Amino acid sequence: MVDLPRIVWPHLLAGRANQDGMHYGWETHEEIGAALAAVITGCWDPRTPIGTDH
């Protein structure tokens, strides 16, 4: 759904990962969340009531 390397690599190369070297920094998490929200929003039809099977 989301191109993680495109988002993550610039942060890693700029040294913005957590100090343990294994986890993304907060900025990275925020950008991934925004990208995923944009994908989900693009898939949602606001005319369809939530909780329906249609």
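It should be emphasised that the depicted structure is a prediction, and the values quoted were computed from it without experimental measurement. Quick note: numbers below take in every heavy atom, side chains included, and nothing from hydrogens, waters or symmetry partners.
Under a hydrophobic clustering in which Ile, Leu, Val, Met, Phe, Trp and Tyr are joined whenever their side-chain heavy atoms come within less than 4.5 Å, directly or via other members, Val8 and Met1 fall into the same cluster.
Evaluation of the salt bridge (Lys or Arg N to Asp or Glu O under 4.0 Å) rule for Arg47 yields Asp45 as partners, not counting sequence neighbours. Take Glu27 and apply the side chain to side chain donor-acceptor pair (under 3.5 Å) test, not counting sequence neighbours, and it matches Arg16.
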Residues 31-42 side chain polar contacts: donor-acceptor under 3.5 Å, at least two apart:
| unit_1 | atom_1 | unit_2 | atom_2 | d |
| --- | --- | --- | --- | --- |
| Glu31 | OE1 | His11 | NE2 | 2.9 |
| Thr41 | OG1 | Ala37 | O | 2.7 |

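Note that CG of Leu12 is 7.5 Å distant from OH of Tyr24, once rounded to the nearest 0.5 Å.
Pro5 approaches Pro10 most closely through the heavy-atom pair O-CD, 4.0 Å.
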